[in-house]
Amino acid sequence: MISYIKGELVSFEKDKVIVDVGGVGFGIYMPAQAMGRLPKVGKEVKLHTYLNVKEDAMQLFGFPTRDALELFKLLIGVNGIGPKGGLSILSQLSPDDLRFAVLAKDVKAISSAPGIGKKTAEKLILELKDKLQIGDTLESRPEGGDMSSMIGQEVAADAVNALTALGYGSTEALKAVRQVEVREDTSVEDILKSALKFLL
């Protein structure tokens, strides 16, 4: 098992990059979004990898973070979604956007990925909704705050539910709440007031 590859970025190809490690060039398939965030050719990169072994080939799939890699593994664990399907989904949606889509049961967003139909998207949501908790999504916020506590997660979840009851989509409600700084003593009303500023 190859856990990660660290070396010089040599070139970009259609759906993969070439990384030189000690004179050996590794071809690593990557989501388009992740490729767009890599440094220029000639710079050093570190990619967390998944080795897919088939009868006629071995393929390396790479991701800039462990989080993206773990999400990829969850995706290919869904019946009907292979490595290329997982790559397609993560090319269309960032890891956070995919979490939002699963938690919001947004079939349309997931099925917008090439090669992923409505039935496959519905199956993905069904199989992953219990594996992707709202706390996991909210914990990966860019701001500070105590989303990691059970109280913080419960209050945030209540705020998301309140926003959807007001007519906002689940995905946009999750994104808005994710922007709010939540502490142990933060109330649902406090979160709603702040979240609405991002929505209006």
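The figures that follow rest on heavy atoms only: side chains count, while hydrogens, waters and symmetry mates do not.
- At least one donor-acceptor pair closer than 3.5 Å links the side chain of Q33 to the backbone N or O of Q92.
- Nearest approach of I28 to G62, heavy atoms of both residues: CG2-N, 3.2 Å.
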**OP:** Check the pair L75 / L128 against side chain to side chain contact (heavy atoms under 4.5 Å, CB included), numbers first and verdict last.
**Re:** CA-CA 8 Å; L75 283 174; L128 295 191; 4.0 Å; yes
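- Using a 4.0 Å cut-off between charged nitrogen and carboxylate oxygen, E189 and K193 do not count as a salt-bridge pair.
- Here the closest non-hydrogen pair linking A176 and L199 is CB-CG, 3.7 Å.
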Original post:
Could you walk me through whether I5 and K46 pass the side chain to side chain contact (heavy atoms under 4.5 Å, CB included) check?
Top reply: CA-CA 6 Å; I5 294 286; K46 178 180 179 181; over 6 Å; no
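- Evaluated for a side chain to side chain contact (heavy atoms under 4.5 Å, CB included) with S11, the options I18, V17, V19 yield exactly one hit, I18.
- Two residues are said to be in side-chain contact when any heavy atoms from C-beta on lie closer than 4.5 Å; N79 and K123 meet this criterion.
- Across A159 and V177, no two heavy atoms sit closer than the pair CB-CG2, 4.2 Å.
- No donor-acceptor pair closer than 3.5 Å links the side chain of S194 to the backbone N or O of I191.
- Side chain of T49 to backbone of I2: a donor-acceptor contact under 3.5 angstrom is found.
- In this structure, S91 contributes its side chain and L87 its backbone to a donor-acceptor pair below 3.5 Å.
- Nearest heavy-atom pair, K6 versus V21, reported as atom, atom and distance to 0.1 Å: O-CG2, 3.5 Å.
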Original post:
Given K16 and M30, is the side chain to side chain contact (heavy atoms under 4.5 Å, CB included) satisfied, shown in steps?
Top reply: CA-CA 5 Å; K16 66 181 178 181; M30 292 188 68; over 6 Å; no
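- The OH atom of Y168 sits 7.5 Å away from atom CG of L163, with the distance rounded to the nearest 0.5 Å.
- Electrostatic pairing of E70 and K73 counts as a salt bridge here, judged by a charged N lying under 4.0 Å from a carboxylate O.
- For the atom pair K197 NZ and L192 CG, the distance stands at 12.5 Å (nearest 0.5 Å).
- Sorted by first and then second residue, the ring pair (Phe, Tyr, Trp, His ring centres under 6.0 Å) pairs involving residues 69-92 (not counting sequence neighbours) are Y50-F72, F61-F72, F63-F72.
- Contact annotation: the side chain of E127 never approaches that of I81 to less than 4.5 Å [non-hydrogen atoms, C-beta and beyond].
- Taken from CD1 in I110 to CG in L93, the straight-line distance is 7.0 Å, to the nearest 0.5 Å.
- To the nearest 0.5 Å, atoms NZ (K119) and OG (S111) are separated by 13.5 Å.
- With hydrogens and angles ignored, the 3.5 Å screen pairs no side-chain donor or acceptor of S88 with any backbone N or O of K84.
- Rounded to the nearest 0.5 angstrom, E8 CD and D20 CG are separated by 6.0 Å.
- Contact record, P31 with L90: CB-O, 3.5 Å, taken as the closest heavy-atom pair.
- For the pair M58 and N52, the minimum side-chain heavy-atom distance is 4.5 Å or more.
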Original post:
Yes or no on side chain to side chain contact (heavy atoms under 4.5 Å, CB included) for L124 and I89, after CA distance, side-chain angles and deciding distance?
Top reply: CA-CA 11 Å; L124 185 155; I89 292 170; 3.6 Å; yes
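- In this structure, H48 and T65 approach most closely via the heavy-atom pair CD2-C, 3.5 Å.
- Shown here is F198, whose CZ atom has more than 12 heavy atoms of other residues, nucleotides or ligands within 6.0 Å.
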